[in-house]
Amino acid sequence: MITLNPELESVRATANLDLKGIVSEAAHVVIAANGNEIALVDGTELVASVPLSEGKNTLVITATDAAGNTQTLTREVFVDSTVPKIEEV
């Protein structure tokens, strides 16, 4: 089982995500953002720096254990770094 800690927020203002989590047993983990493989992790601790693009980003985390069992976790994260403008009336 893949557990993210903390769970990802769905909207953020910065384009770099420090992803942390755990896998319930030792596994080979592939982290992809928007279809691009970002990181490979082996073991039970999940730590990666994931670059995000402005707008919608799809993260896919796939863990495969030694027996070949696979679990995939998919999350969508939106980046909105546009500073709001206040206009005088």
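Between R12 and L52, the closest side-chain pair of non-hydrogen atoms falls below 4.5 Å. For the pair H28/L40, a side-chain contact is recorded, criterion being any heavy-atom separation below 4.5 Å from C-beta on. Residues L4 and K20 have side chains not in contact (no heavy-atom distance under 4.5 Å, counting atoms from C-beta outward).
Listed here is the closest heavy atom pair of V23 and G43: CB-O, 4.3 Å. For the residue pair I22 and L46, the shortest heavy atom distance occurs at N-CB, 4.3 Å. The minimum heavy-atom distance linking V41 with E45 is given by the pair CG1-O, 3.2 Å.
I2 and L59 fall within a single hydrophobic cluster, where Ile, Leu, Val, Met, Phe, Trp and Tyr side chains are chained together by heavy-atom contacts under 4.5 Å.
Q71 places no side-chain N or O within donor-acceptor distance of the main-chain N or O of T64, the cut-off being under 3.5 Å.
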Point to revise | Working for side chain to side chain contact (heavy atoms under 4.5 Å, CB included), residues N16 and S49 | key: CA-CA 7 Å; N16 193 48; S49 180; 3.2 Å; yes

Under 3.5 Å, which donor-acceptor pairs link side chains of residues 29-39 to any protein atom two or more places apart or in another chain?
| unit_1 | atom_1 | unit_2 | atom_2 | d |
| --- | --- | --- | --- | --- |
| N34 | OD1 | T58 | N | 2.9 |
| N34 | ND2 | N57 | OD1 | 2.8 |

When the side chains of residues 79-89 are checked against the rest of the protein, which donor-acceptor pairs come out under 3.5 Å, sequence neighbours left out?
| unit_1 | atom_1 | unit_2 | atom_2 | d |
| --- | --- | --- | --- | --- |
| D80 | OD1 | T82 | N | 3.2 |
| S81 | OG | E54 | OE1 | 2.6 |

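Grouping Ile, Leu, Val, Met, Phe, Trp and Tyr by side-chain contacts under 4.5 Å, direct or through others, puts F78 with V11.
The side chain to side chain donor-acceptor pair (under 3.5 Å) test applied to N69 returns D65, not counting sequence neighbours. Scored by the side chain to side chain donor-acceptor pair (under 3.5 Å) test, T3 finds no partners at all (sequence neighbours excluded). Not a single side chain to side chain donor-acceptor pair (under 3.5 Å) links S24 to another residue, sequence neighbours left out.
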